[in-house]
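For reference, the structure is listed below as structure tokens.
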Amino acid sequence: MDGTTNWRNVRTISIVTFVDALQFSFYMWSFWPYIQQIDSTMGATFVGIIMAISGVGEALAAPIFGFWANKIGRILPPVYTSLVMSGLGNALYLLLGAFSRPVAPYAIVVSRFLSGAGTGNRGCFRALVACNSEGVDRAKALASSGGAALVGLTIGPAVQLVFNFMGAEGVSLGPLVLSQYTAPAVLAIVINVATAISIKFFLDDSLHIPPKTETDSTKDMVESEDSGSGAVAQWLCARNAIRKVTSSTPPALRSTQTKGDTTPRLSVPLRMDVIAVIICMGTRSIRMLATSNIESIGAPFTEIMFNFTHAQALEWNSYDQTIVGALTIAVFMVYAFTNYTKWVSERSNCLIAITGLFVFYCITMPWPFLPGNVDCARFIGNGTHNWVWCEMLPPLNQWLYYVAYAAIYGICLPMLNNSLQALYSRVLGQGPQGTMQGVNQAVGSVARILGPLVMSSTFSHFDPQATWSVNIVLLAVVIGIWIVAYRRLVPLELRKTGKIHDSRKPSIVPSSNTTSYKKSVTTSQM
């Protein structure tokens with residue numbers, strides 16, 4: 001990298017994260033009917049446990065992969081490990097029908113744990129994008145890679161439509177049964193292998209960038225709509241990178257310079273705003289908690305609410321997911337190929353998107369005052385489920401639910417994902433981000449662990465009103481926190497001394513010649 005954004009690498013990462021997320025999400029809508037086919041006594045609570053196990057795998061793997069990448073200065077070794085784990089998880093999922101009924105639940109647990117651990121590579125990819133992007137380009141670069149991953153996660157469930165013609169019974173090939181439920185696993189394995197081969201030849205995975213020479217000039221202007229002015233900062237990823245600041249440095253970072261000196265420096269680097277970092281991490285967790293509700297109980301919820309069979313629910317949910325995917329791609333194109341990120345700040349996009357998710361749960365809530373009751377005769381006393389609350393559940397309008405889901409999850413979710421990733425990276429500031437990106441992914445994984453457990457348990461033991469209420473309250477709290485802390489959620493280089501809790505105020509120490517400048521830089525790094 002020569003001091004500018006490495007768009008070739010960013011595009012390669014975007015493609016890799018897209019296909020990696022795509023194969024992981026193949027089973028979102030088909031998982032429920034598949035396990036019902038294997039063992040009809042497996043209920044919504046068991047689905048929640050399986051989703052949580054997947055989150056455990058991600059939570060354990062993400063910080064390990066991030067630390068590993070930071071330690072060796074490369075991401076390929078941990079990424080290859082993640083692909084192997086993902087491939088093994090997909091292979092085991094493909095062969096679930098070959099296991100006996102008592103063993104099958106354990107095989108499902110191991111399969112989803114390995115698949116979840118395989119997604120722990122996303123923090124590594126974000127760290128590499130941060131190292132390959134500079135200043136104002138970083139938001140677009142992270143939107144490109146993060147948006148590509150979200151597009152993959154969104155389109156993945158819709159791929160199920162391609163395999164529906166095979167039917168639930170499928171074709172038996174010895175112990176292997178190829179059906180509409182298992183065929184996606186074959187495609188997922190092919191993607192795992194193809195990804196491993198491709199990144200070997202097309203990805204520069206180095207996280208270390210040599211520091212600039214003294215004659216290099218730093219002219220990258222980091223702009224923000226929030227501040228209305230530029231701040232000069234060079235985004236370098238080497239630990240020993242020398243930070244230079246030109247005469248356009250904001251007043252808060254400027255000090256008196258000797259006459260003729262044009263090479264000031266920061267003697268004390270700014271520290272990241274811990275509260276802002278925690279808010280970004282917490283918001284990502286709540287977002288994952290909200291989406292895990294649909295992932296874990298979406299299929300049984302639509303079966304009950306609209307009196308669908310397994311096949312009808314799978315078809316309707318897959319078609320709706322296709323629309324969500326199309327909208328997600330549209331949002332991704334806006335972020336990646338327009339100047340939208342310069343017109344609207346990351347924090348504004350985040351607040352709008354969180355509010356959108358809040359609205360979704362409010363308008364699709366089966367409020368007690370709604371008229372009528374759902375037809376749930378086949379869900380009560382049939383030996384598999386005992387959802388007695390079903391008889392008192394008011395119905396939703398089918399079109400209201402599916403239109404709201406497509407519109408809000410197709411627009412607000414990618415907005416939040418893209419903008420939050422960019423904001424989090426810029427809040428962290430300069431330097432290697434592998435560990436912190438891994439921590440962020442691990443913290444988000446806690447929501448993937450708790451979310452399915454909480455949502456499936458409240459769904460089984462109470463009713464959908466309880467799960468929707470939990471999401472409404474949590475999203476309302478997050479909106480309140482963002483409103484209160486809105487002014488401090490800015491990139492690190494734009495923080496103003498005295499307004500953010502940072503007792504170490506940066507000062508600019510002049511240097512009269514090259515020799516004294518080198519000495520001052522060496523001293524500041526000790």
Side-chain angles (χ1 to χ4, degrees), residues 17 19-36 38 42-66 78-79 81-96 104-124 149-150 152-154 156-157 159-160 181-182 184-185 188-189 191-192 284-300 321 417 438 440-457 459:
T17 55
V19 296
D20 188 52
L22 182 77
Q23 59 85 25
F24 174 75
S25 61
F26 281 161
Y27 319 119
M28 177 176 171
W29 294 119
S30 61
F31 184 74
W32 167 258
Y34 183 36
I35 66 169
Q36 289 286 291
I38 294 172
M42 297 180 187
T45 301
F46 181 75
V47 173
I49 294 174
I50 296 303
M51 295 293 181
I53 291 297
S54 177
V56 170
E58 182 181 1
L60 292 176
I64 294 175
F65 289 159
V79 168
T81 303
S82 70
L83 291 174
V84 170
M85 299 176 79
S86 180
L88 291 174
N90 288 323
L92 192 56
Y93 188 88
L94 176 63
L95 296 170
L96 287 178
Y106 299 101
I108 296 174
V109 169
V110 175
S111 168
R112 299 318 292 164
F113 175 84
L114 290 172
S115 295
T119 65
N121 57 27
R122 292 171 190 168
C124 295
L150 186 61
L153 287 171
T154 306
V159 173
Q160 179 65 51
Y181 304 141
T182 59
I189 294 171
I191 290 175
N192 293 144
R284 182 171 183 268
S285 297
I286 298 302
R287 190 272 295 174
M288 296 186 74
L289 189 69
T291 54
S292 69
N293 180 46
I294 302 297
E295 292 174 357
S296 58
I297 67 169
Q321 198 67 39
N417 187 73
N440 183 36
Q441 187 175 356
V443 171
S445 298
V446 173
R448 285 192 59 195
I449 298 170
L450 297 178
L453 291 175
V454 172
M455 299 308 166
S456 62
S457 296
F459 179 85

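Predicted model only: the values in this text are computed from it and were never measured.
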*Just do the side chain to side chain contact (heavy atoms under 4.5 Å, CB included) check on V79 and F65 with the steps written out, would you?*
CA-CA 8 Å; V79 168; F65 289 159; over 6 Å; no
_Stepwise side chain to side chain contact (heavy atoms under 4.5 Å, CB included) check, I191 with F26_ = CA-CA 12 Å; I191 290 175; F26 281 161; 4.1 Å; yes
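For A149 against A21, the heavy-atom pair with the smallest separation is O-CB, 3.1 Å. Listed here is the closest heavy atom pair of G156 and S25: CA-OG, 3.2 Å. Between S82 and N121, the shortest heavy-atom contact is OG-ND2, 2.9 Å.
No side-chain heavy atom of I189 sits less than 4.5 Å from a side-chain heavy atom of Q23. Contact check for L83 versus D20: side-chain heavy atoms found under the 4.5 Å cut-off. At a threshold of 4.5 Å between non-hydrogen side-chain atoms, the residues N90 and S86 count as touching. Residues R122 and T17 form no side-chain contact, since every pair of their non-hydrogen atoms from C-beta on lies 4.5 Å or further apart. Inter-residue side-chain proximity for Y27 and R112 is flagged as met; some heavy-atom pair is nearer than 4.5 Å.
The side chain to side chain contact (heavy atoms under 4.5 Å, CB included) test applied to L60 returns V56, F113, not counting sequence neighbours. With sequence neighbours excluded, no residue forms a ring pair (Phe, Tyr, Trp, His ring centres under 6.0 Å) with F24. Considering only residues two or more places apart in sequence or on other chains, S54 meets the side-chain hydrogen bond (donor to acceptor under 3.5 Å, both in side chains) condition with R448. Residues forming a side-chain hydrogen bond (donor to acceptor under 3.5 Å, both in side chains) with S111 (at least two apart in sequence, or on another chain): none. Partners of Y93 by side-chain hydrogen bond (donor to acceptor under 3.5 Å, both in side chains), not counting sequence neighbours: none found. Residues passing the side chain to side chain contact (heavy atoms under 4.5 Å, CB included) test with T182, sequence neighbours excluded: Y34, L94, L178, S179.
Summarising the geometry, atom CG belonging to L22 is positioned 8.5 Å from atom CG belonging to L153; distances are rounded to the nearest 0.5 Å. With rounding to the nearest 0.5 angstrom, the CD1 atom of I53 is 13.5 Å from the CD atom of E58.
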